[in-house]
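Numbered from 1 within each chain, the chains take letters A, B, ... in sequence-line order. Just so it is clear, the structure is predicted and the values come from calculations on it, not from any experiment.
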4 protein chains.
Amino acid sequence: MEIPQEKKKLIIGSALELINCHGFHGCPMSQVAKNAGVAAGTIYTYFENKEDMIYAIHDEVMDQIYEHVALKDDPLRPFEERFFTFWDNLLRFYEQNRAVQSFIDQFASSPFNSDDFQSKSKKWFSWTSEFFKSGIEEGAIKDMNPVILKVLVNESANSLAKVKKNYANKLSKNHIDLSPIPYMIWDGIKAVN
Amino acid sequence: MEIPQEKKKLIIGSALELINCHGFHGCPMSQVAKNAGVAAGTIYTYFENKEDMIYAIHDEVMDQIYEHVALKDDPLRPFEERFFTFWDNLLRFYEQNRAVQSFIDQFASSPFNSDDFQSKSKKWFSWTSEFFKSGIEEGAIKDMNPVILKVLVNESANSLAKVKKNYANKLSKNHIDLSPIPYMIWDGIKAVN
Amino acid sequence: MEIPQEKKKLIIGSALELINCHGFHGCPMSQVAKNAGVAAGTIYTYFENKEDMIYAIHDEVMDQIYEHVALKDDPLRPFEERFFTFWDNLLRFYEQNRAVQSFIDQFASSPFNSDDFQSKSKKWFSWTSEFFKSGIEEGAIKDMNPVILKVLVNESANSLAKVKKNYANKLSKNHIDLSPIPYMIWDGIKAVN
Amino acid sequence: MEIPQEKKKLIIGSALELINCHGFHGCPMSQVAKNAGVAAGTIYTYFENKEDMIYAIHDEVMDQIYEHVALKDDPLRPFEERFFTFWDNLLRFYEQNRAVQSFIDQFASSPFNSDDFQSKSKKWFSWTSEFFKSGIEEGAIKDMNPVILKVLVNESANSLAKVKKNYANKLSKNHIDLSPIPYMIWDGIKAVN
DNA sequence: GATGAATGAGCATTCATTCAT
DNA sequence: CATGAATGAATGCTCATTCAT
């Protein structure tokens, strides 16, 4: 019989929220447990230890992005359209899942993200590479290494999401409109004919 | 009487190195002290507490960037040239100061970088705003809010530096050339005439 | 209705092995269960709690010694012969049941073996007392309190078994022959005529 | 400047007492600290971890035995006399240091005392070997391997001390006199002329 | 100012035991 | 009877900070 994964979700949710608010620092297992409504020991039924939990959260989160972005892509549409849909979905996902965004951000710059680290769940990783590859093959974007493109675009989207989050107040006070940014990115990568 | 600042530098250097290798987690004050060659208690002569030390490091680091990028800018050159010099100097600085880059990265995504946080040292912050403002005034770049530009470009440079660091092996194995990236960025922001 | 005792044996065997390898410390109930091939909760069908289990193992083990030593004694033989048979059987049992020997050893020096402790199974205890008593009555050994004799001889045998186990390598490397020891013990207790 | 070793002694004393009363189990570091009158963290100034502390206690205790037995030996006396002095001093030491005796006992049968374990302090170990060697050379005791003799005698003394401690009540109730035991041991090892 | 031993709250993790299935 | 997920008190250990020297 399978262990029901309901509590695992609760624990992951609790940890994401704590990491969002207080960073990896301010995320003691006892708090994670309390906010998840389980006992401290219960976490260790689902994860070997804290590190393992963090990695599991990372995988979970990558799967979520895959679902909210990759699965909404329509490969039959022109690549330019697909690009802006991609961009919109990614940013919407981040905006609606601030804790996830924050986690990804902190994870990326933390020692968890070492050279050795290989996510178990490669769906998102593989998909984005393929996505940009198809854009090149279609002749829509410059013939660059798809890995550069992928990294460039992802980082840009991440950065934009981060900026939107961190400077929310300043931006609205100064009537700053960030909507041109994806067009600037597109201008940067689109094929020159 | 001034406190001699030599030990302060040693402490900051030691902390930067530890944070680079092991993250904020792996940076206990006792280690910072040991690697700096001072006693644990000595740190508290120069900093009120750990948080204060982290913020002080941030200021120190911002000043270093200012020195290596802003002070090398020649406002008399055409803005396009200034832009690429800016980009080069920033990336070179990051490449030659990995620990600094790592610190900035982790700091930015950490709860230290809260809404309330205001760096005491605003030299770098102010300068970059002015830099892009002058580019707009000169008519070299689009008439966007300089804050967006500044953030966009900074984040791009940070991302690129991060990518260069994290994917160093993969990049060289696959003969991936990242040099076109600043030109793409420039294409994105330059004025359309 | 009787609880089938098969699982009880499995649990005791598992616990003995763990205590042998890792001491009382390294013997968590969950491991005991796993190695016994039963669920953690099942142990509590057979034993009230861990302490109860330890005491039950002690009783079980005492019964095993009784079987392998007392039941092989022939009261009709001369006492000297019985003594050496006793000694041989005891040592052979220990050698062939290292986990048991280790358990007895650790139990004896542990707080489990408190003043209050009285084994439920007194077969072995009673029999050894009787054994030495008969040796005295027969005039074969000194007229000492049989309890002293019993303790003295038992401890000597235990010690010898322990030494054989712990110094196995050193003993064989140095060609050390331990066979004279029982004769020395016998010399010590035999009656002076 | 040296760390004063006074607190180290307090900690060792506290641990010995707790192990005596409650075994390795019932010896949590927090209790050790409390009974020693120091903070929990202080223990880790003197010992790397609990295991290290246990081994350090073992060394300390071996040194104490050396002092109370070896240093009181007079090599100029006849070996028989030296033997009984040795025996008396060892037993007196155990009787006056119950916690030490209990520690040695439990340590010996614990997994701490593994094959790899080598006490840092070999004074007592070396001295006893030499002691029995000189007895053989003098022709006072049988020409056996001194290691056997040493182990045999030590174990006998340990056993006797243990018996005296554990059966104190029973022994006095039954007017049991244990004083003949060393003579029995001596009879067992003395040279046959 | 500098030192580093001492502190003790806080953390990750373990494990005996329970109980719903 | 058997199961094993859940519990939460207890444990070993860390580390920011203090303060007597």
Side-chain angles (χ1 to χ4, degrees), chain A residues 1-8 11 25-34 36-53, chain B residues 1-4 6-7 25-34 37-53, chain C residues 1-4 7 25-34 36-53, chain D residues 1-8 11 25-34 36-53:
Chain A
M1 216 180 326
E2 277 279 300
I3 302 174
Q5 298 299 299
E6 184 201 349
K7 295 206 173 173
K8 192 172 184 175
I11 292 165
H25 273 108
C27 170
M29 297 302 257
S30 54
Q31 262 313 307
V32 173
K34 186 178 274 182
V38 302
T42 304
I43 299 179
Y44 295 86
T45 306
Y46 297 95
F47 308 100
E48 267 183 43
N49 50 43
K50 192 172 185 175
E51 194 181 325
D52 181 54
M53 185 186 77
Chain B
M1 209 180 332
E2 275 281 298
I3 301 173
E6 184 201 350
K7 292 200 176 176
H25 272 109
C27 170
M29 298 300 258
S30 54
Q31 260 315 305
V32 173
K34 184 179 276 181
V38 303
T42 305
I43 297 179
Y44 294 85
T45 306
Y46 298 93
F47 309 98
E48 264 181 47
N49 50 41
K50 191 172 185 177
E51 196 181 325
D52 182 54
M53 184 187 79
Chain C
M1 211 181 331
E2 275 279 300
I3 301 173
K7 293 200 174 175
H25 272 108
C27 171
M29 297 301 257
S30 55
Q31 260 315 305
V32 173
K34 185 179 275 181
V38 303
T42 305
I43 298 179
Y44 293 84
T45 305
Y46 298 94
F47 309 100
E48 264 182 47
N49 51 41
K50 190 172 186 177
E51 196 180 326
D52 181 54
M53 185 186 78
Chain D
M1 214 180 326
E2 277 281 300
I3 303 174
Q5 298 299 300
E6 183 201 348
K7 297 207 172 173
K8 191 172 184 175
I11 292 165
H25 274 107
C27 170
M29 298 302 258
S30 54
Q31 262 313 309
V32 172
K34 186 178 275 182
V38 302
T42 304
I43 298 180
Y44 296 86
T45 306
Y46 297 94
F47 309 99
E48 267 183 42
N49 50 41
K50 192 171 185 177
E51 194 180 325
D52 182 54
M53 185 187 78

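Annotation: the span from A/Ile43 atom CD1 to A/Lys7 atom NZ amounts to 12.0 Å, rounded to 0.5 Å. Interatomic distance, CE of D/Met29 versus OH of D/Tyr44, reported as 3.5 Å (0.5 Å rounding).
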- Task: Verify side-chain contact (heavy atoms from CB on, under 4.5 Å) between B/Met53 and B/Tyr46, making sure each step is shown before the conclusion.
- Result: CA-CA 8 Å; B/Met53 184 187 79; B/Tyr46 298 93; over 6 Å; no

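When distances run from any side-chain atom of A/Pro28 to the nucleotides F/dT18, E/dC11, E/dT3, the shortest one goes to E/dC11. Relative to the side chain of B/Ala39, the nucleotides E/dA12, F/dA6, E/dT3 differ in distance, and E/dT3 lies closest. Listed candidates were F/dT3, F/dA16, F/dA5. Nearest to the side chain of C/Thr42 is F/dT3.
One finds a side-chain N or O of A/Tyr46 lying less than 4.0 angstrom from the OP1 or OP2 phosphate oxygen of F/dA6. Checking the phosphate oxygens (OP1, OP2) of F/dC1, no side-chain nitrogen or oxygen of C/Thr45 falls inside 4.0 Å. Taking side-chain N and O atoms only, B/Lys50 has no distance below 4.0 Å to OP1 or OP2 of F/dC15.
The OH-C1' distance, from A/Tyr44 to F/dT7, rounds to 14 Å in whole Å. Here F/dA5 presents its P atom at 15 Å from CD of A/Glu6, a figure rounded to the nearest Å. Rounded to whole angstrom, the span from the CE atom of B/Met29 across to the C1' atom of F/dT17 amounts to 9 Å. Atom CD1 in D/Ile11 sits about 14 Å away from atom P in F/dG12, given to the nearest Å. We find that CD1 of C/Ile43 is positioned 17 Å from P of E/dC19, with the value rounded to whole Å. In this structure, D/Met53 places its CE atom 13 Å from C1' of F/dC13, rounding to the nearest Å. Remark: P of F/dC15 and NE2 of A/His25 are 10 Å apart, rounded to the nearest angstrom. Between the P atom of F/dG12 and the NZ atom of D/Lys34 lies a distance of 14 Å, rounded to the nearest Å.
Across all non-hydrogen atoms, the minimal contact from A/His25 to B/His25 is NE2-N, 4.0 Å. Annotation for A/Val38 and A/Ile11: closest pair CG2-CG1, 4.2 Å, computed over non-hydrogen atoms.
Distance alone, capped at 3.5 Å, is enough to place a donor-acceptor pair between the A/Lys50 side chain and the A/Cys27 backbone.
Each of C/Val38 and D/Asn49 was matched to the nucleotide of DNA chain F holding its nearest heavy atom; the match closer to the 5' end belongs to C/Val38. The 5' end of DNA chain F is approached more closely, in terms of each residue's nearest nucleotide, by A/Gly41 than by the other of B/Cys27 and A/Gly41.
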- Message: Pairs counted only when both distances fall under 3.5 Å, Watson-Crick or G-U: show me the 5' to 3' dot-bracket for DNA chain F, [ ] for pseudoknotted crossings and | for other-strand partners.
- Response: .||||||||||||||||||||

